[in-house]
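Predicted, not measured: the structure shown is a model, and the values here were computed from it.
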Amino acid sequence: MTAADLAAALDEVQARLAGAHLVAEWLHGIDSRDLDRAMATWHPQGVLSFTPGPTLDGSSAIRAFAEKTWAAYPELYHWAANLSLTLTGDSTMRGEGRITALCVKPSGTAIREVGIIALDYSRTEGTWLISRQAVTIQRHDPVGRELPA
């Protein structure tokens, strides 16, 4: 293995770790209501879309959506799984995974959403950020009972 091969392999490993870390930080930020943590994962011109649902263009729209979601659901829990990441260029990467969310309303009732996330990442000045996240919600179900307070 040449030095160039080693450098390329290390760059790919670092990129994939960054992609997984960004998804985790985004979801931990949302679940813990830490707006700075959540927004630190996004490119300023990032796009977050939901099918069905809205398309949010730019960090201001994503920030407003997070705050609106927190107002509607005092408790949020997200899980991401099966994240597959592929470098598509020197500064671009794509990802796909599965996501589950448990959203608890002020009344204590909850809904569960399950879907697919598709991600695009970009690297600027050595830093990876999420540039697009498309969530396709496949199931949106009431949990069926109130959760204990």
Does anything in [range] form a side chain to side chain donor-acceptor pair (under 3.5 Å)? List the pairs, not counting sequence neighbours.
range: residues 51-69; value: none
range: residues 14-24; value: E12-R16
range: residues 81-91; value: T88-T92

What's in the same ILVMFWY side-chain cluster as [X], cut-off under 4.5 Å, chained through other members?
X: V47; value: none
X: L6; value: M1
X: V13; value: L17

Where do [X] and [Y] come nearest, in terms of heavy atoms and distance?
X: A40; Y: L129; result: O-CD2, 3.3 Å
X: G46; Y: I62; result: O-CD1, 3.8 Å
X: G95; Y: L85; result: CA-CD2, 3.7 Å
X: V23; Y: A80; result: CG1-CB, 4.0 Å
X: L83; Y: A20; result: CD2-CA, 3.6 Å
X: R98; Y: I117; result: N-CG1, 4.4 Å

query = Going through the checks in order, is the side chain to side chain contact (heavy atoms under 4.5 Å, CB included) test met by I116 and E96?
reply = CA-CA 7 Å; I116 297 171; E96 180 182 348; 4.0 Å; yes
request  = Quick one: list whatever passes salt bridge (Lys or Arg N to Asp or Glu O under 4.0 Å) with D11, sequence neighbours left out.
outcome  = R123
Measure the [atom1]-[atom2] distance between [X] and [Y] for me, rounded to the nearest 0.5 Å.
X: L48; Y: S131; atom1: CG; atom2: OG; result: 12.0 Å
X: Y77; Y: C103; atom1: OH; atom2: SG; result: 10.5 Å
X: T41; Y: D36; atom1: OG1; atom2: CG; result: 11.5 Å
X: S49; Y: L56; atom1: OG; atom2: CG; result: 8.0 Å
X: D34; Y: M39; atom1: CG; atom2: CE; result: 12.0 Å
X: H78; Y: T100; atom1: NE2; atom2: OG1; result: 9.5 Å

Name the atoms and distances for all side-chain donor-acceptor pairs under 3.5 Å in residues 135-143, with sequence neighbours left out.
from, atom 1, to, atom 2, distance (Å)
R139, NE, D141, OD2, 2.9
R139, NH2, D141, OD2, 2.9
H140, ND1, E113, OE2, 2.7

ask   = Tell me the ring-ring contact (aromatic ring centres under 6.0 Å, His included) pairs involving residues 87-106, sequence neighbours left out?
value = none
request  = Would you mind listing every ring-ring contact (aromatic ring centres under 6.0 Å, His included) that reaches into residues 49-68, with sequence neighbours excluded?
outcome  = F50-F65
inquiry  = Around atom CZ of R112, are there more than 12 heavy atoms from other residues, nucleotides or ligands closer than 6.0 Å?
reply    = no
message = Taking side-chain hydrogen bond (donor to acceptor under 3.5 Å, both in side chains) as the definition, give me every residue that meets it alongside R33, ordered by chain and number, with sequence neighbours left out.
response = none
query = Sequence neighbours excluded, which residues qualify as side-chain hydrogen bond (donor to acceptor under 3.5 Å, both in side chains) partners of D120?
reply = R94, R132
task = Determine, using the 4.5 Å side-chain heavy-atom cutoff (strictly less than), whether L35 and W26 are members of one ILVMFWY cluster.
result = yes
task = Assess the side chains of E75 and Y73: does a donor N or O sit below 3.5 Å from an acceptor N or O?
result = no
query = Do side-chain atoms of W70 reach the backbone of I30 as a donor and acceptor pair under 3.5 angstrom?
reply = yes
query = So, Y121 side chain and I130 main chain: donor-acceptor pair closer than 3.5 Å or not?
reply = no
key: Chi angles and distances behind the side chain to side chain contact (heavy atoms under 4.5 Å, CB included) call for I111, L102   = CA-CA 6 Å; I111 59 167; L102 180 67; over 6 Å; no
